[in-house]
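Structure record follows, encoded as structure tokens.
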Amino acid sequence: MSDASNTGDDNTFQAEPAEPPRVVVLISGNGSNLQALIDAQSYDELGGEIVAVVSNKADAYGLKRARDAGIEAVALPHQEYESREAYDGALIKVIERHEPDLIALAGFMRILTPIFVQRFFGRLLNIHPSLLPAYQGLNTHARALADGAREHGASVHFVTEELDGGPVALQAVVNIAADDTEATLKEKVQAREHLIYPIAVRWFLEGRLQLVGDDVTFDDTPLPPTGLRLSHADAAEELDENDAT
Ligand code: GAR
């Protein structure tokens with residue numbers, strides 16, 4: 001694609017508007033993180049355009065969120081495929097049709113095959129409800145509470161073949177209060193997810209956040225294993241929570 005085109009005989013050149021970077025979002029359920037990305041896009045803060053949302057569950061509420069926002073919503077039920085490889089092959093085809101610069105996993109509850117990960121390596125981000133590498137996998141809030149952990153949170157990370165094991169780009173911390181339950185903790189963590197995921201997507205689309213070898217770099221500087229970290233106090237203030245201490 002050229003940046004400029006010759007508009008006539010007088011040799012004047014006019015800049016063509018650059019196409020915004022393209023994002024495909026993968027979901028399985030409610031899609032509240034998808035909604036945060038849609039909202040950021042509507043405020044011109046995403047740095048790109050969500051061109052399609054794909055769900056492995058046909059009844060995912062997130063598909064309605066996509067349609068309501070005028071975004072192509074694709075149901076690709078995994079039950080219709082006889083193996084993980086067959087499903088991921090079909091998913092690759094759907095995604096590639098949309099020529100994305102980034103594939104953002106937003107509550108996409110599937111283990112990905114190596115072929116899928118390799119196909120989009122360096123262009124796959126995921127949001128996970130814990131301060132990775134702590135609490136990979138499921139039931140993260142209950143496990144943090146059961147351990148008596150003092151801190152919990154959310155992480156945006158690049159996806160590698162290791163489940164929830166890819167290098168972290170951005171985290172937001174929440175202090176666990178004495179009276180927190182699984183439900184209250186989930187609510188606080190999700191508020192942080194909605195805060196940091198659109199930021200991470202924008203930084204990626206702007207080329208500021210990159211996967212270089214095994215490291216995440218921000219403005220060409222390698223990040224520590226925890227990525228960039230938003231403290232409890234900063235996140236709570238940003239979210240207008242009462243206990244911003
Ligand atoms: C989010 O809390 C996300 O972190 C989690 O699923 C939820 C989806 O909510 N993802 C994982 O646990 C992935 N390992 P949403 O559909 O409302 O965005």
Side-chain angles (χ1 to χ4, degrees), residues 1 18-42 46-128 155-167 169 193 197-207 209-212 216:
M1 193 179 58
E19 290 259 329
R22 302 165 66 81
V23 182
V24 168
V25 182
L26 305 186
I27 61 164
S28 296
N30 178 25
S32 67
N33 278 285
L34 165 66
Q35 190 65 55
L37 299 175
I38 291 172
D39 292 348
Q41 180 179 323
S42 72
L46 193 66
E49 185 185 352
I50 303 168
V51 290
V53 172
V54 187
S55 172
N56 66 310
K57 297 213 170 148
D59 61 353
Y61 184 67
L63 288 174
K64 176 174 164 21
R65 296 182 192 268
R67 279 186 222 105
D68 287 351
I71 297 167
E72 183 172 340
V74 183
L76 195 67
H78 59 267
Q79 300 90 332
E80 293 176 12
Y81 296 82
E82 62 189 19
S83 67
R84 208 169 271 287
E85 286 70 23
Y87 181 78
D88 279 7
L91 185 57
I92 287 171
K93 279 194 187 145
V94 171
I95 292 172
E96 287 191 332
R97 229 175 29 227
H98 294 280
E99 301 182 346
D101 298 282
L102 170 68
I103 299 100
L105 278 58
F108 187 63
M109 305 306 273
R110 298 262 314 159
I111 294 171
L112 300 165
T113 57
I115 286 178
F116 183 94
V117 174
Q118 281 156 21
R119 180 67 66 108
F120 300 117
F121 199 76
R123 286 190 284 156
L124 280 171
L125 286 178
N126 183 41
I127 181 99
H128 182 78
S155 305
V156 178
H157 68 96
F158 280 92
V159 175
T160 61
E161 289 178 32
E162 190 193 337
L163 181 68
D164 298 329
E193 294 182 358
Y197 209 8
I199 295 172
V201 166
R202 186 177 75 234
W203 284 344
F204 177 87
L205 296 176
E206 289 172 347
L209 213 49
Q210 289 180 306
L211 183 61
V212 180
V216 180

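Values in this document were obtained by computation on a predicted structure and should not be read as measured data. Excluded from the calculations below are hydrogen atoms, water molecules and symmetry mates; all remaining heavy atoms, backbone and side chain alike, are included.
The shortest heavy-atom contact between Leu125 and Ala200 is CD1-O, 4.3 Å. Here the shortest heavy-atom pairing between Asn56 and Ser28 reads OD1-OG, 2.6 Å. Across every non-hydrogen atom of Leu63 and Ile27, the tightest pair is N-CD1, 3.7 Å. Considering every non-hydrogen atom in both Gly62 and Leu34, the closest pair reads O-CD2, 3.3 Å. Between Ala73 and Ala66, the shortest heavy-atom distance links the atoms CB-CB, 4.0 Å. The shortest non-hydrogen separation linking Leu211 to Gly122 is CD2-CA, 4.0 Å.
Note: Phe121 CZ to Gln118 CD = 8.5 Å, rounded to the nearest 0.5 Å. To the nearest 0.5 angstrom, Ile95 atom CD1 is 7.5 Å from Leu124 atom CG. Note: Ile199 CD1 to Leu46 CG = 11.0 Å, rounded to the nearest 0.5 Å. Separation of atoms CD (Glu193) and NE2 (His128) is listed at 9.0 Å; rounding is to 0.5 Å. The CD1 atom of Ile50 sits 4.5 Å away from the CD1 atom of Ile71 when rounded to the nearest 0.5 Å. The structure places OH of Tyr197 at 6.0 Å from CG of Leu105, a figure rounded to the nearest 0.5 Å.
Using a distance-only test at 3.5 Å, with no hydrogens or angles considered, a donor-acceptor pair links the side chain of Ser83 to the main chain of Ala86. Not one N or O on the side chain of Asn126 forms a donor-acceptor pair closer than 3.5 Å with the backbone of His157. With hydrogens and angles disregarded, a donor-acceptor distance shorter than 3.5 Å links the side chain of Ser55 to the backbone of Lys57. Looking at Arg22, its side chain never comes within 3.5 Å of a backbone N or O of Glu49 through a donor-acceptor pair. In this structure a side-chain-to-backbone donor-acceptor pair under 3.5 Å is present from Arg123 to Pro100. Although no hydrogens or angles enter the test, the distance criterion places a donor-acceptor pair under 3.5 Å between the side chain of Arg65 and the main chain of Gly31.
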Decide side chain to side chain contact (heavy atoms under 4.5 Å, CB included) for Arg84 and His78; before the verdict, give the C-alpha distance in whole Å, the side-chain angles of both, and the deciding distance to 0.1 Å.
CA-CA 8 Å; Arg84 208 169 271 287; His78 59 267; over 6 Å; no

Side chain to side chain contact (heavy atoms under 4.5 Å, CB included) between Val23 and Leu205: does it pass, once the steps are laid out?
CA-CA 9 Å; Val23 182; Leu205 296 176; 3.7 Å; yes

For the pair Lys64 and Asp68, evaluate salt bridge (Lys or Arg N to Asp or Glu O under 4.0 Å) and give the outcome as yes or no after the intermediate values.
CA-CA 6 Å; Lys64 176 174 164 21; Asp68 287 351; 2.8 Å; yes

Is there a side chain to side chain contact (heavy atoms under 4.5 Å, CB included) between Leu76 and Tyr87 once you walk through the steps?
CA-CA 9 Å; Leu76 195 67; Tyr87 181 78; 3.8 Å; yes

Does the pair Glu96 and Arg119 meet the rule for a salt bridge (Lys or Arg N to Asp or Glu O under 4.0 Å), with working shown?
CA-CA 10 Å; Glu96 287 191 332; Arg119 180 67 66 108; 3.1 Å; yes

Evaluate the criterion side chain to side chain contact (heavy atoms under 4.5 Å, CB included) for residue pair Arg202 and Glu206; output intermediate values, then yes/no.
CA-CA 6 Å; Arg202 186 177 75 234; Glu206 289 172 347; 3.4 Å; yes

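Side-chain contact between Leu26 and Val24 is present, with heavy atoms from C-beta onward closer than 4.5 Å. Looking only at side-chain heavy atoms (C-beta outward), Phe108 and Leu91 come within less than 4.5 Å of each other.
More than 12 heavy atoms of other residues, nucleotides or ligands sit less than 6.0 Å from atom CD of Gln79.
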